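The basis for the numbers below is simple: all heavy atoms, side chains too, and nothing from hydrogens, waters or symmetry mates. Counting starts at 1 for both ligands and their atoms, following the listed order. Keep in mind that what you see is a predicted model, and the values were worked out from it rather than measured.
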Amino acid sequence: MPQVGIVMGSDSDMPVMSKAADILEQLGVSFDMRIISAHREPDEFFEYARTAEEKGYKVIIAGAGMAAHLPGMCAAIFPMPVIGIPMHTTSLGGRDSLYSIVQMPSGIPVATVAINGGINAGLLAAKILATSDPELLTRLKDYSASLKDAVIDKDKKLQEVGYKNY
Ligand code: RP5
């Protein structure tokens, strides 16, 4: 059973949503991925959200752009955590998506990551699951250590070659 449901409003969201999928795959977290538009196919959306719990999801990652109702409507129906990813948009730079997703009314939370924040959405979903999975927690700690090592390596190179040759 997939532990995480990844859903996006359009295939134009895929470059961002695939980053969430990649990090979950790297961490050994099972997921499934769907393209479902809350606005363009409301009946299919409601079917998806109503059956999400029985499909085994513990977290949903929902990404959408513009008047982005998909994450909020998932949170209205699915009883476990929903993480929202606001998509960058050409007209308003993603502020439209961000405000639509982050400004939820009291009682229906959506954990909103940055505009185009696919990697952090995947990591946040994994961290939620890691609260009851010690092996996943260890893999997350290893991932954090690898980030630290990458910065140390970059600084080491800077000290060796100088900023003009970096
Ligand atoms: C939203 O509208 C989608 O999430 C997407 O970000 C945006 C534009 O969709 P397309 O016109 O590219 O299909 O529903």
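For Tyr163, the OH atom counts as loosely surrounded, since its 6.0 Å shell holds 12 or fewer non-hydrogen atoms of other residues, nucleotides or ligands. The local environment of CD in Gln159 is crowded, with over 12 non-hydrogen atoms from other residues, nucleotides or ligands closer than 6.0 Å.
Close contacts of ligand 1 with Asp13, meaning ligand atoms under 4.0 Å from a residue heavy atom, involve 3 (C), 4 (O), 5 (C), 6 (O). Applying the 4.0 Å criterion to heavy atoms of Ser12 picks out, from ligand 1, the atoms 5 (C), 9 (O), 10 (P), 12 (O). Residue-ligand proximity, Ser10 to ligand 1, at heavy-atom distances under 4.0 Å covers atoms 3 (C), 4 (O), 5 (C), 9 (O), 10 (P), 12 (O), 13 (O).
For the 3.5 Å distance criterion, the side chains of Asp22 and Gln26 fail to qualify, holding no donor opposite an acceptor.
Contact record, Ala20 with Ile6: C-CD1, 4.4 Å, taken as the closest heavy-atom pair.
Counting heavy atoms closer than 4.0 Å to ligand 1, residue Arg40 contributes side-chain atoms (C-beta onward) but none from N, CA, C or O. Proximity of Ala64 to ligand 1, defined as any heavy-atom pair under 4.0 Å, is shared by backbone and side chain alike.
What sits closest to atom 1 (C) of ligand 1 on the protein, heavy atoms only, is Gly65 O, 3.5 Å. Atom 8 (C) of ligand 1 has its closest protein heavy atom at Met66 SD, 3.9 Å.
Looking at Val113, Ile23, Ile85, Ile83 one by one, the single match for side-chain contact (heavy atoms from CB on, under 4.5 Å) with Asn120 turns out to be Val113.
Taking 4.0 Å as the cut-off, His39 does not count as a neighbour of ligand 1 on heavy-atom distance.
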Before giving the answer on side-chain contact (heavy atoms from CB on, under 4.5 Å), spell out for Met17 and Ile61 the whole-Å C-alpha distance, their side-chain angles and the decisive distance to 0.1 Å.
CA-CA 9 Å; Met17 302 309 286; Ile61 299 173; 4.1 Å; yes
